[in-house]
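As a basis for the values below, the full set of heavy atoms in this structure was taken, side chains included, without hydrogen atoms, waters or symmetry mates. By convention in this document, chain letters (A, B, ...) are assigned in the order of the sequence lines, proteins followed by strands, and residues within each chain are numbered from 1.
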Amino acid sequence: MTDWPEAWSGAWPELRAPASVVAPMLLGAVLSWGGVRLRLTEVEAYEDVEDPGSHAARGRTARVATMFDEPGRIYCYLSHGLHRCLNVVAHEPGRAGAVLLRAGEVVDGLDLARSRRPGSSDRDLARGPGRLGAVLGADQVTDGLMLGRDQLGLADPPLSEQAISRGPRVGLRLAADRPWRYWLTGERTVSPYRRHARAVPDPPAEPPA
DNA sequence: CTACCGATATTCT
DNA sequence: GAATATCGGTAGA
């Protein structure tokens with residue numbers, strides 16, 4: 001494997017843009033993974049050095065190496081020691097970033113999904129990033145795998161602006177107020193907003209010129 | 001709605 | 001060695 005963006009195959013040209021731009025384009029997309037098909041209803045963007053809330057903010061470490069790898073790969077990390085969370089790598093060439101898949105609606109493989117989260121209502125099966133990883137069967141070998149074109153179908157035609165809502169990110173201490181959480185307006189499978197108990201307000205984004 | 005706590009890999013000092 | 005964490009489940013107001 002190489003590090004040079006110029007050598008990347010470009011299997012996912014749509015994902016070679018900042019994560020905050022790609023994220024809303026993933027809403028309504030259908031993801032097929034681990035025997036389950038999911039319609040994405042909530043996502044969240046994480047970029048690199050300019051985003052203090054991102055795992056990639058302080059450069060490449062073993063855990064976050066995938067965020068620096070080719071767009072279209074799955075970045076899968078262990079949250080709080082027990083939940084596997086899935087991201088789609090997305091960034092401009094030479095940079096880093098990913099879109100966290102926060103929630104979705106199971107549209108196929110319902111029995112398998114239910115078996116992976118016994119006792120859950122269908123609505124709650126993938127309502128939250130840890131739950132979403134669980135119903136898709138994410139595990140330690142998931143990190144770094146490349147999505148096939150047949151595994152992620154972007155919404156076509158694209159969703160209207162009106163169908164998409166946006167707001168602050170969930171569970172972050174730093175830069176939580178960057179409005180990079182996107183969800184489908186009115187969708188029941190979107191997770192409840194939870195602010196970090198000690199979230200610090202984001203500094204002003206762009207000082208006027 | 002809010003608050004707490006389990007659980008542990010990763011990162012920082 | 002200590003602090004942190006892209007969370008989820010539950011308890012209680």
Run the side chain to side chain contact (heavy atoms under 4.5 Å, CB included) check on A/Asp150 and A/Ser32 step by step: do they pass? CA-CA 8 Å; A/Asp150 57 340; A/Ser32 301; over 6 Å; no
Would you check if there is a donor-acceptor pair between the side chains of A/Arg73 and A/Tyr75 at a distance under 3.5 Å? no
Establish, from distance only, whether the side-chain atoms of A/Thr66 and A/Asp69 form a donor-acceptor pair under 3.5 Å. no
Do A/Arg149 side-chain atoms and A/Ala11 backbone N/O form a donor-acceptor pair below 3.5 Å? yes
At 4.0 Å (heavy atoms only), tell me whether A/Arg169 reaches a base, stays on the sugar-phosphate, or touches nothing. nothing
Touch class at under 4.0 angstrom, heavy-atom based, for A/Thr61 against every strand present: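 Sugar-phosphate only.
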Each base of DNA chain C marked ( ) or [ ] if paired in-strand (Watson-Crick or G-U under 3.5 Å), | if paired to another strand and . if unpaired gives |||||.||||||.
Give me the one residue out of A/Arg116, A/Arg114, A/Glu105 that meets side chain to side chain contact (heavy atoms under 4.5 Å, CB included) with A/Leu125. A/Arg114
DNA chain C contacts among residues 115-130 of chain A, heavy-atom distance under 4.0 Å: A/Arg117, A/Gly128, A/Pro129, A/Gly130
Between [X] and [Y], is there a side-chain N and carboxylate O pair less than 4.0 Å apart?
X       : Y        : answer
A/Arg39 : A/Glu187 : yes
A/Asp51 : A/Arg169 : yes
A/Arg16 : A/Glu92  : no

For the pair made of CG in A/Leu78 and P in B/dG6, what is the distance, rounded to whole Å?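 The answer, rounded to whole Å, is 18 Å.
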What's the NE2-P distance between A/His83 and B/dT10, to the nearest Å?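 In whole Å, B/dT10 P and A/His83 NE2 are 16 Å from each other.
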Chain A contact limits on DNA chain C, taken 5' to 3' with a cut-off of 4.0 angstrom to heavy atoms: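 Listing 5' to 3', DNA chain C meets chain A from C/dA5 to C/dG9.
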Is the distance from the ring center of A/Tyr77 to that of A/His55 below 6.0 Å?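 Here the rings of A/His55 and A/Tyr77 have centres that are less than 6.0 Å from each other.
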Mind checking the CZ-CZ spacing from A/Arg117 to A/Arg127? Nearest 0.5 Å is all I need.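 Output value for this atom pair is 11.0 Å.
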